[in-house]
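Protein chains get the first letters and strands the later ones, always in sequence-line order, with residue 1 at the start of each. Only heavy atoms go into these numbers, but all of them, side chains included; no hydrogens, no water, no symmetry mates.
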Amino acid sequence: GAGVSQSPRYKVAKRGQDVALRCDPISGHVSLFWYQQALGQGPEFLTYFQNEAQLDKSGLPSDRFFAERPEGSVSTLKIQRTQQEDSAVYLCASSLDGREQYFGPGTRLTVT
Amino acid sequence: EDKVVQSPLSLVVHEGDTVTLNCSYEVTNFRSLLWYKQEKKAPTFLFMLTSSGIEKKSGRLSSILDKKELFSILNITATQTGDSAVYLCAVHTGTASKLTFGTGTRLQVTL
């Protein structure tokens, strides 16, 4: 069984560009989470989906960040008008029961 | 605001040593505490703890939770160079299932 996959693994964007990060959760996992991990820090919660419903988006740092999961499986995190402070690793995790969360390899975003 | 604090921030030991990593927390609506190992890629799940005083064990790794004193420890015995990683502690809170992470402990095991 495949784990959580994310693409791209690395993304370099010029300041002001829009980016889209993709997450493929483990098949059958109802819950999906996005986290942002800055260098030397622990992951910080961004948003949470249960199936296609976005139940918590309290961690999104600004209205430039938007996430969707339209069919309750694949999710996309979009960042508009990227800024240098958006540079981080973006981790996606999925969970069958909302408790044990299994993480993907992350997308390392560098904004220049 | 929910808070998870790990100590030490970093640690260098020799192969064969035993190490103890600490995690303390102050959160509302505690549900469980999780430990992850992070090398260069995804954090990999180690343990989930929900009850005080019950040790979870996997090979050379073990962990225990104290819900009265609000902390957990992760022990690694007979350390190997492959144990070198960042160890993350996270607390599962609230109804939305989000994890609140500590900063991590960076462990380096040398020959």
*Mind ranking A:Q41, A:Q6, A:E100 by heavy-atom pairs under 4.5 Å with chain B and telling me who comes out on top?*
A:E100
*B:K57 NZ: over 12 foreign heavy atoms closer than 6.0 Å*: yes
*asked:* Quick check on A:L96: does its CG atom have over 12 non-hydrogen neighbours (other residues, nucleotides or ligands) under 6.0 Å away?
replied: yes
_If I take atom CG from residue A:L55 and atom NZ from residue B:K98, how far apart are they, to the nearest 0.5 angstrom?_
13.5 Å
_Membership question, hydrophobic clusters at under 4.5 Å side-chain separation (ILVMFWY): are B:F30 and B:L70 in the same one?_
yes
*Indicate the atoms forming the closest heavy-atom contact of B:L88 with A:G42, along with that distance.*
CD2-CA, 4.1 Å
_Within 6.0 angstrom of B:K67 NZ, more than 12 heavy atoms from elsewhere_ = yes
*Is it possible for you to say whether A:F33 and B:W35 belong to one hydrophobic cluster, with membership spreading through side-chain heavy-atom contacts below 4.5 Å?*
no
*Taking only residues two or more places apart in sequence, or in another chain, which ones meet A:D97 in a salt bridge (charged side-chain N to carboxylate O under 4.0 Å, His left out)?*
A:R99
*If you take all heavy atoms of A:F103 and B:A42, which pair is closest and at what distance?*
O-CB, 3.5 Å
*Picking from B:V86, B:V4, B:L99, which has the most non-hydrogen pairs under 4.5 angstrom with chain A?*
B:L99
*Would you name the heavy atoms of B:T103 and A:G40 that are closest together and state the gap between them?*
CG2-O, 3.3 Å
*Sort B:T100 into side chain, backbone, both or neither according to what part of it lies under 4.5 angstrom from a heavy atom of chain A.*
neither
Distance-only check: which donor-acceptor pairs under 3.5 Å involve side-chain atoms of residues 104-112 of chain A, not counting sequence neighbours?
unit_1, atom_1, unit_2, atom_2, d
A:T107, OG1, A:P8, O, 2.5

_Greater than 12 external heavy atoms within 6.0 Å of A:E85's CD_ = yes
*Just give me the residue among A:E44, A:Q37, A:R9 that pairs up with chain B most often, heavy atom to heavy atom, under 4.5 Å.*
A:Q37
*Side chain, backbone, both or neither: which part of B:Q38 has a heavy atom under 4.5 Å from chain A?*
side chain
*Tell me whether the centres of the aromatic rings in B:F101 and A:Y35 are closer together than 6.0 Å.*
yes
*Fit a plane to each ring of A:Y102 and B:F45, take the angle between them on a 0 to 90° scale, and name the class: parallel (under 30°), tilted (30 to 60°) or perpendicular (over 60°).*
tilted
